[in-house]
Amino acid sequence: MGGTARAVAGPIGDGARVPVLIIGTGYGGSVAALRLAQAGVHVHMIEMGQAWETPGSDGKIFANTRSPDVRSYWLRTRTKQPLSNFLGFPLDKNVPRYTGILDAEDFSGITVYQGRGVGGGSLVNGGMAVTPLRERFSAILPTVDANEMYSTYYPRANAGLGVNHIDPAWFDSTDCYQYARVGRKHAQRSGFPFVFVPNVYDFDYMKQEAAGTVPKSALNAEVLYGNNAGKKSLQKTYLAQAKATGRVTISPQHRVTSVAPAAGGGYTVAIEVIDTSGNVTSTKSVIADRVFFAAGSVGTSKLLVRLKATGALPNLNAEVGKGWGDNGNVMCGRANHMWDPTGTLQSSMPTGGIDNWDAGGAFAEVAPLPTGIETYASFYLSITKNPNRAQFTYNSGTGAVDLNWQTAWKQPSINAAKTIFDKINSKEGTIYRTDLFGVYKIWGDHLTYHPLGGAVLGKATDNHGRLHGHPGLYVIDGALIPGNTSVNPFVTITALAERNIERIIATDLR
Ligand SMILES: Cc1cc2nc3c(=O)[nH]c(=O)nc-3n(C[C@H](O)[C@H](O)[C@H](O)COP(=O)(O)OP(=O)(O)OC[C@H]3O[C@@H](n4cnc5c(N)ncnc54)[C@H](O)[C@@H]3O)c2cc1C
């Protein structure tokens with residue numbers, strides 16, 4: 001450990017011995033890398049997705065949501081768009097198998113959407129950067145001191161992520177948020193509070209997009225498959241700072257397959273190098289003194305459950321794989337009257353929500369439908385108080401890790417969302433859209449954007465993310481959070497990682 005800063009060159013070498021290896025480059029991994037590097041530690045980050053630094057044949061790195069292409073999906077031969085249908089037509093199409101940016105990972109009862117690449121979920125998400133209300137925090141992370149989170153770690157996370165707020169006067173006048181103003185009007189007419197939601201998309205840049213002075217990104221339907229400008233993804237914030245220390249190496253298209261105690265101390269980490277078709281081109285074995293699991297709730301849980309079951313990490317406890325939730329995600333659309341259009345130009349970055357958490361258990365983000373045509377639809381992603389929790393288990397027959405979530409477990413989420421939208425529909429004289437998720441299907445209850453849990457803080461780990469049973473192994477991502485954050489999760493994941501890494505550096509690495 002320690003030593004002066006030096007530029008550490010490209011991918012990790014086979015046979016290397018390193019002080020710290022981090023699996024994954026999303027929020028948890030990026031926070032850990034930056035703070036460890038600032039403390040003088042050399043860090044190697046392993047990322048199975050691409051670096052996303054090279055433009056495609058259209059001159060752009062990322063595709064937009066109107067024309068998904070080979071870059072858009074992780075190793076699928078057919079797209080799996082969250083909104084599968086529109087006006088009776090299925091939207092999905094065949095694409096070549098490629099290590100694209102958005103993974104629609106299918107389990108038997110749910111499809112879990114996740115970002116793939118350097119920056120993890122920050123590459124594909126809506127940028128909504130929400131700090132939960134303090135009075136709701138004890139239900140989110142019951143073992144964590146709220147005082148220090150709200151005085152130190154949430155502010156630190158907001159600063160590190162570059163969170164900014166929309167100018168309310170501009171919101172009231174710009175064409176690109178007409179859909180959100182319609183959402184606000186309908187919410188308020190039914191007596192629901194509408195709240196502005198901060199974002200990591202640079203709203204000054206968006207204003208310039210609207211003025212036509214810079215290339216369009218949020219105003220060109222870019223979000224799910226990456227943003228070419230405007231969004232402060234982790235590559236521009238935590239990871240840029242981490243790389244600038246000269247102590248952080250990132251190895252893209254490298255997938256960790258095993259972690260096991262090494263004979264002379266530390267852990268042997270097995271890695272597959274993959275090409276853009278997903279084929280394994282070589283394997284590497286390295287030894288790390290400490291390993292941080294930051295592969296996301298699903299990635300970390302799958303690794304830990306398999307490593308425990310196969311005997312690679314036999315001392316992990318029985319909590320590993322448990323406590324997984326979907327943050328209560330459920331989607332729906334409403335059909336507006338012809339005199340209430342939502343606009344042909346819609347910013348892909350949501351900036352407002354309807355807060356009915358205390359009364360009905362739902363916080364609904366007013367989401368865009370940036371199709372480029374007038375849809376007369378209002379579209380919502382609700383985060384709800386869903387008590388169901390699922391478990392990951394190893395299937396020795398297939399070698400896969402399964403998740404026992406059932407589609408019927410979304411019913412509490414639907415009920416919670418209905419506390420808002422049944423009332424709005426009755427007040428406005430409108431109905432639910434039935435054409436967005438299939439044929440005559442109202443609820444998008446087959447998916448989540450917000451996987452959380454599987455290695456819960458204070459259960460599978462101690463109260464700072466140290467895995468029980470194997471000293472030197474840590475979890476530092478969304479797997480720590482027990483299933484729900486009452487709002488969009490990445491600010492909480494970042495703040496918790498800031499809290500935990502500070503303690504780990506102070507006590508384990510000195
Ligand atoms: C479409 C979409 C929209 C969203 N919108 C919002 C929003 O507006 N606001 C919000 O707060 N949240 C949003 N989210 C959720 C948010 O992005 C996630 O909660 C967050 O990214 C999770 O952070 P993490 O650090 O746990 O892991 P991730 O960000 O998922 O990072 C994990 C990384 O590990 C890599 N990895 C996995 N397994 C391995 C392995 N074996 N070897 C090497 N690398 C591996 C993955 O490729 C990934 O890059 C959205 C998510 C999606 C998919």
Side-chain angles (χ1 to χ4, degrees), residues 21-32 45-52 65 74 81-82 99 101-105 111-132 157 161 163 197-201 223-226 231 233-235 238-239 250-259 269-274 292-304 306-307 326-327 329 348-351 353 365 367 381 383 447-455 475-481 485 487-494 496-497:
L21 183 141
I22 299 178
I23 309 169
T25 57
Y27 292 93
S30 299
V31 170
M45 304 182 83
I46 310 296
E47 170 56 55
M48 71 184 190
Q50 298 192 53
W52 297 110
T65 51
W74 177 257
Q81 303 194 52
T99 49
I101 195 163
L102 184 65
D103 193 353
E105 189 170 1
T111 300
V112 184
Y113 284 88
Q114 297 152 90
R116 295 279 173 249
V118 174
S122 77
L123 296 166
V124 299
N125 67 35
M128 294 179 82
V130 197
T131 300
L161 292 165
V163 175
V197 172
N199 204 292
V200 295
Y201 198 94
V223 55
L224 281 180
Y225 311 128
K231 179 134 92 85
S233 63
L234 289 165
Q235 285 165 314
Y238 277 95
L239 286 173
I250 304 178
S251 301
Q253 291 175 243
H254 281 51
R255 179 168 54 206
V256 171
T257 56
S258 178
V259 177
V269 181
I271 299 170
E272 292 176 343
V273 184
I274 57 173
F292 286 78
F293 288 82
S297 159
V298 174
T300 291
S301 303
K302 286 198 308 185
L303 272 172
L304 292 176
R306 189 162 48 74
L307 296 174
D326 67 342
N327 210 22
N329 280 190
S348 60
M349 294 291 134
T351 195
E365 88 187 42
L381 168 61
I383 293 164
L447 84 178
T448 186
Y449 285 176
H450 300 164
L452 293 167
V475 176
I476 193 144
D477 58 13
L480 291 172
I481 297 176
T485 52
V487 289
N488 315 63
F490 74 62
V491 174
T492 296
I493 295 171
T494 305
L496 184 65

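In each ligand, atom 1 is the first atom listed, and ligand 1 is the first ligand listed. All values below were derived from every heavy atom in this structure, side-chain atoms included, with hydrogens, water molecules and symmetry-related copies excluded.
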One line per pair, note the atom names and distance for all nitrogen or oxygen contacts under 3.5 Å between ligand 1 and the protein.
from, atom 1, to, atom 2, distance (Å)
ligand 1, 5 (N), Gly126, N, 3.1
ligand 1, 8 (O), Gly126, N, 3.4
ligand 1, 8 (O), Gly127, N, 3.3
ligand 1, 8 (O), Met128, N, 2.9
ligand 1, 9 (N), Met128, O, 2.8
ligand 1, 11 (O), Met128, O, 3.3
ligand 1, 11 (O), Pro489, N, 3.1
ligand 1, 11 (O), Phe490, N, 2.7
ligand 1, 17 (O), Asn125, ND2, 3.1
ligand 1, 25 (O), Tyr27, N, 3.0
ligand 1, 25 (O), Gly28, N, 3.0
ligand 1, 26 (O), Gly478, N, 2.9
ligand 1, 29 (O), Gly121, N, 2.9
ligand 1, 41 (N), Val256, O, 3.1
ligand 1, 42 (N), Val256, N, 3.0
ligand 1, 44 (N), Met48, N, 3.1
ligand 1, 47 (O), Glu47, OE2, 2.7
ligand 1, 47 (O), Arg116, NH1, 3.2
ligand 1, 49 (O), Glu47, OE1, 2.7
ligand 1, 49 (O), Glu47, OE2, 3.1
ligand 1, 49 (O), Gly117, O, 3.3

| said: Could you tell me if Tyr113 and Asn125 have a donor-acceptor pair between their side chains, going purely by distance under 3.5 Å? | reply: no

| request: Could you pull out all residues at least two apart from Val298 that satisfy side chain to side chain contact (heavy atoms under 4.5 Å, CB included)? | output: Glu105, Phe107, Val112, Gln114, Lys302, Trp324, Phe392, Pro451

| field | Distance-only donor-acceptor check, side chains Thr257 and Glu272, under 3.5 Å | value | no

| said: The criterion is side chain to side chain contact (heavy atoms under 4.5 Å, CB included); which residues satisfy it with Pro132, sequence neighbours excluded? | reply: Ile140, Tyr150, Tyr154, Ser486, Val487, Thr492

| task | Could you verify whether a donor N or O on one side chain and an acceptor N or O on the other, from Thr448 and Asp326, lie under 3.5 Å apart? | result | no

| request: With sequence neighbours excluded, tell me which residues meet side chain to side chain contact (heavy atoms under 4.5 Å, CB included) with Ala295. | output: Ile23, Thr300

